[in-house]
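Side chains are part of it too, since the values below use all heavy atoms of this structure and drop only hydrogens, waters and symmetry mates. Source: prediction; values computed, not measured.
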Amino acid sequence: MADDLDQGGEAPCWAHFVEHLDQRSAPIRITGSNTVLYSDRWFELVDFYRTGLGLRTAMERDWFVEFELHSGAHISVADAHEAGMVSGDGTGVTLSWRVDDVAVVREALVRNGIEVSPIGNRWSSPGFFVSDPAGNRIEFWSAAT
């Protein structure tokens with residue numbers, strides 16, 4: 001199994017190995033996706049995703065804001081107390097977002113005052129990480145050229 005490890009010490013993404021599967025064999029057809037982050041730091045998270053990352057607001061309610069990543073994919077921030085949920089602590093989850101040009105995105109985030117990691121190479125693709133105010137890790141990466 002050691003041969004399957006990349007330079008970062010993690011196993012390769014298995015999604016790359018199953019791209020050839022026939023989609024008709026899937027038991028369900030997902031047509032959209034929304035990841036909801038529940039947090040006690042709701043105001044800070046809304047500001048981070050709206051202003052720091054510059055995501056477009058798709059829907060907003062008293063304690064819930066949904067941001068569009070692209071057509072059919074969203075990330076939402078909800079006030080944990082209002083939703084009756086336990087606030088997430090940011091551990092165990094990485095939001096991984098493919099972008100056209102990782103260097104351009106990194107430069108824009110730096111200009112917006114976001115703390116970013118250096119660009120590294122994982123699974124032969126350039127990428128970097130940021131953390132939101134609740135500690136959720138976000139990976140921005142571009143396809144290898």
Side-chain angles (χ1 to χ4, degrees), residues 4-21 23-24 26-145:
D4 291 337
L5 299 179
D6 75 346
Q7 295 173 2
E10 295 182 23
C13 177
W14 294 108
H16 298 291
F17 299 116
V18 296
E19 289 177 348
H20 67 279
L21 291 180
Q23 290 298 314
R24 292 175 292 174
I28 57 174
R29 185 177 178 286
I30 298 170
T31 60
S33 176
N34 185 21
T35 300
V36 181
L37 304 173
Y38 296 94
S39 179
D40 292 332
R41 301 179 73 178
W42 184 75
F43 287 106
E44 292 172 76
L45 285 181
V46 170
D47 184 59
F48 175 84
Y49 287 98
R50 178 179 284 147
T51 306
L53 298 186
L55 298 181
R56 186 184 75 77
T57 302
M59 188 268 293
E60 186 168 354
R61 301 290 185 264
D62 293 341
W63 49 268
F64 187 93
V65 179
E66 181 178 274
F67 299 98
E68 183 177 53
L69 299 173
H70 64 82
S71 180
H74 298 81
I75 186 157
S76 295
V77 178
D79 183 304
H81 176 74
E82 292 290 338
M85 299 289 288
V86 174
S87 181
D89 63 2
T91 58
V93 174
T94 297
L95 304 170
S96 183
W97 298 340
R98 182 177 173 176
V99 296
D100 289 333
D101 188 327
V102 75
V104 169
V105 171
R106 185 180 184 280
E107 185 177 301
L109 296 182
V110 168
R111 279 194 311 270
N112 285 351
I114 303 296
E115 188 175 322
V116 301
S117 74
I119 293 176
N121 201 11
R122 294 172 48 87
W123 302 322
S124 302
S125 296
F128 68 93
F129 296 95
V130 304
S131 292
D132 72 18
N136 298 298
R137 185 171 85 158
I138 305 167
E139 174 187 36
F140 291 91
W141 63 280
S142 296
T145 56

Between [X] and [Y], what is the shortest heavy-atom contact and its length?
{"X": "Val102", "Y": "Pro126", "result": "CG1-CB, 3.8 Å"}
{"X": "Tyr38", "Y": "Val86", "result": "CB-O, 4.1 Å"}
{"X": "Glu139", "Y": "Thr94", "result": "CB-CG2, 4.0 Å"}
{"X": "Trp42", "Y": "Asp79", "result": "CD1-N, 3.1 Å"}

Approximate separation, where rounding is to 0.5 Å, of Leu69 CG and Leu95 CG: 8.5 Å

Value rounded to 0.5 Å, distance of OG in Ser96 from CZ in Arg137: 9.0 Å

Counting only N and O atoms by type, is there a donor-acceptor contact under 3.5 Å from the side chain of [X] to the main-chain atoms of [Y]?
{"X": "Ser87", "Y": "Ala80", "answer": "no"}
{"X": "Ser142", "Y": "Val99", "answer": "yes"}
{"X": "Asp132", "Y": "Ala134", "answer": "yes"}

Residue list, side chain to side chain donor-acceptor pair (under 3.5 Å) with Glu107, at least two apart or on another chain: Arg111

For the residue pair [X] and [Y], establish whether any side-chain heavy-atom pair is separated by less than 4.5 Å.
{"X": "Leu109", "Y": "Phe128", "value": "yes"}
{"X": "Val93", "Y": "Leu37", "value": "no"}
{"X": "Leu53", "Y": "Ile138", "value": "yes"}
{"X": "Arg41", "Y": "Phe48", "value": "no"}

Any pair counted as ring-ring contact (aromatic ring centres under 6.0 Å, His included), so long as it reaches residues 51-105, sequence neighbours left out: Trp97-Phe140

Passing candidate, side chain to side chain contact (heavy atoms under 4.5 Å, CB included) with Arg50, options Leu45, Val77, Thr57: Thr57

Candidate pair Asn34 and Glu66, rule side chain to side chain contact (heavy atoms under 4.5 Å, CB included), full reasoning: CA-CA 8 Å; Asn34 185 21; Glu66 181 178 274; 3.3 Å; yes

CZ (Arg98) with more than 12 external heavy atoms under 6.0 Å: no

